[in-house]
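Taking it in order: structure first as structure tokens, then the write-up.
Throughout, a chain's letter reflects where its sequence line sits, starting with A, and its residues are numbered from 1.
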Amino acid sequence: MNSLWVNNIKRFLILILIQILILKRINIGWADFNYIHFFIYPLFILLLPLRIQRPFLLIVAFLTGLLIDMFYDSPGLHSSSLVFLAFMRRYILRFLEPRDGYKIETTPTIYNFGFNWFLIYSSILVFLNIFWYFSVEAFSFQYFPEIILKTIFSFIFSEILIVLYVIILNPK
Amino acid sequence: MRNPLLANNKLYIFVLFIILEIISFVLIINYNNKQKDIFLYSSNLFTGYINSKYSNLLQYINLKKINEKLKKDNAFILQQSFNKNATKNYYKKLKDTLLEKEFNIIPATICNKSIDKRNNRMTLDKGSDAGIKKDMGVIDAHGLIGVVRKVNSDFASVVPLINTVSRVSVLVKNKGYFGILEWEPYDYRKIKLTSIPKHANIETGDTIITSGFSTIFPKGIFVGTIKEINLIRGSNYYDISVYLNNNLALAENVYVIENLKKDLKEEVEK
């Protein structure tokens, strides 16, 4: 129980630091092609234990997003998308529920559910998160093609980063 | 089989989600200029589009009416400015509105004109029905046009400045010498100023205004500036070229000046 808290706080710090110190500064793109943005911090919400209370989950997501926003100088933007991710997490979990249900004490990781399951789980949520993020950033569906392009490219690269992180550190 | 820990009160969660999103959006709109602009822009996009289309339509329908009204307003302002000069000295104490009004302005539009002939003509789209009579002066916003020579009920024919029979009495502003504007073909921007005596101290660039000696034009309308001064040997008068301030080729909206005291003045001058 205690180690669960410690692990999550450690992961929170690592992910936030990776995001704001490294990924924020990476700017892949040239001229008109500026579609690739990296998001690794959603992984923190993805890997929170299943038994966490949903209101608490939403508030944690909101505060995490605000923290990211502080560094990105975009109040509300990341928090909005991360709250959306946290809200959707339960429905995706239910959608991907194994035949014999979840064990109460588990965490949604590769270790517990296998690579394929995690890939689907994280892909859906990260995609939703990024799509929401760019939609809110553009704030108008007038820019729909741009939103879609940004979402797809950013999703691919972010998902690769997230999977790499999970494979390398293999959290339990 | 449902995990009891995953099954919270749905509505409660949803409300919390909405609240957090609203907070986020308030933050976004308040602090991020881009979203703020887009929000305002988007909310105005639809209504603005409809409004502008509608007002365009109305404007187009009312274009003629608006134009007419503007011309009337202009005429009224011109009338006031001319009458101010006239009444300043004589009727300051006497606030008699009947006496105050010396000039009446009738707005009109040129509907036919020539500028490349020796004896050019212009036609106005208003005639005696609008109050236009023979020998009234015609001006536009930038200077003189000419004098009405012929009128019927709906149209008026104008002899413009650029007609060899046209004669207009003018002053060199601030120097007091008066002369007569005559035209020599065919440059519609240039006009001759005659009857300025040799001893007159004039320079190029001097301003020419109407003299107000005739009953046609009020005093002080800006006509143009002196461009060239020549002395003709054996003559007592300068040969002066004046550049007109207005472009007669482009003139369209004009004002006909009615002098309400014309008869009185002519009576004593007989």
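Closest approach of B/L16 and A/P55 over heavy atoms only: CD2-CA, 3.4 Å.
Other residues, nucleotides and ligands contribute over 12 non-hydrogen atoms within 6.0 Å of the OH atom of A/Y91. The number of heavy atoms from other shown groups lying within 6.0 Å of NZ (B/K173) does not exceed 12.
No part of A/L57 comes within reach of chain B, as not one of its non-hydrogen atoms sits under 4.5 angstrom from that chain.
Here the straight-line distance linking atom NE2 of A/H78 with atom CG of B/L27 works out to 13.5 Å at 0.5 Å rounding. Atom-to-atom distance recorded for B/S24:OG and A/W132:CH2 is 9.0 Å, nearest 0.5 angstrom. Distance CG/A/L58 to CG/B/L20: 6.0 Å, rounded to 0.5 Å.
The aromatic rings of B/F17 and A/F87 sit parallel, their planes meeting at an angle under 30°, below the 60° perpendicular limit.
Between chain B and the options A/S79, A/S80, A/A61, heavy-atom pairs under 4.5 Å are most frequent for A/S80.
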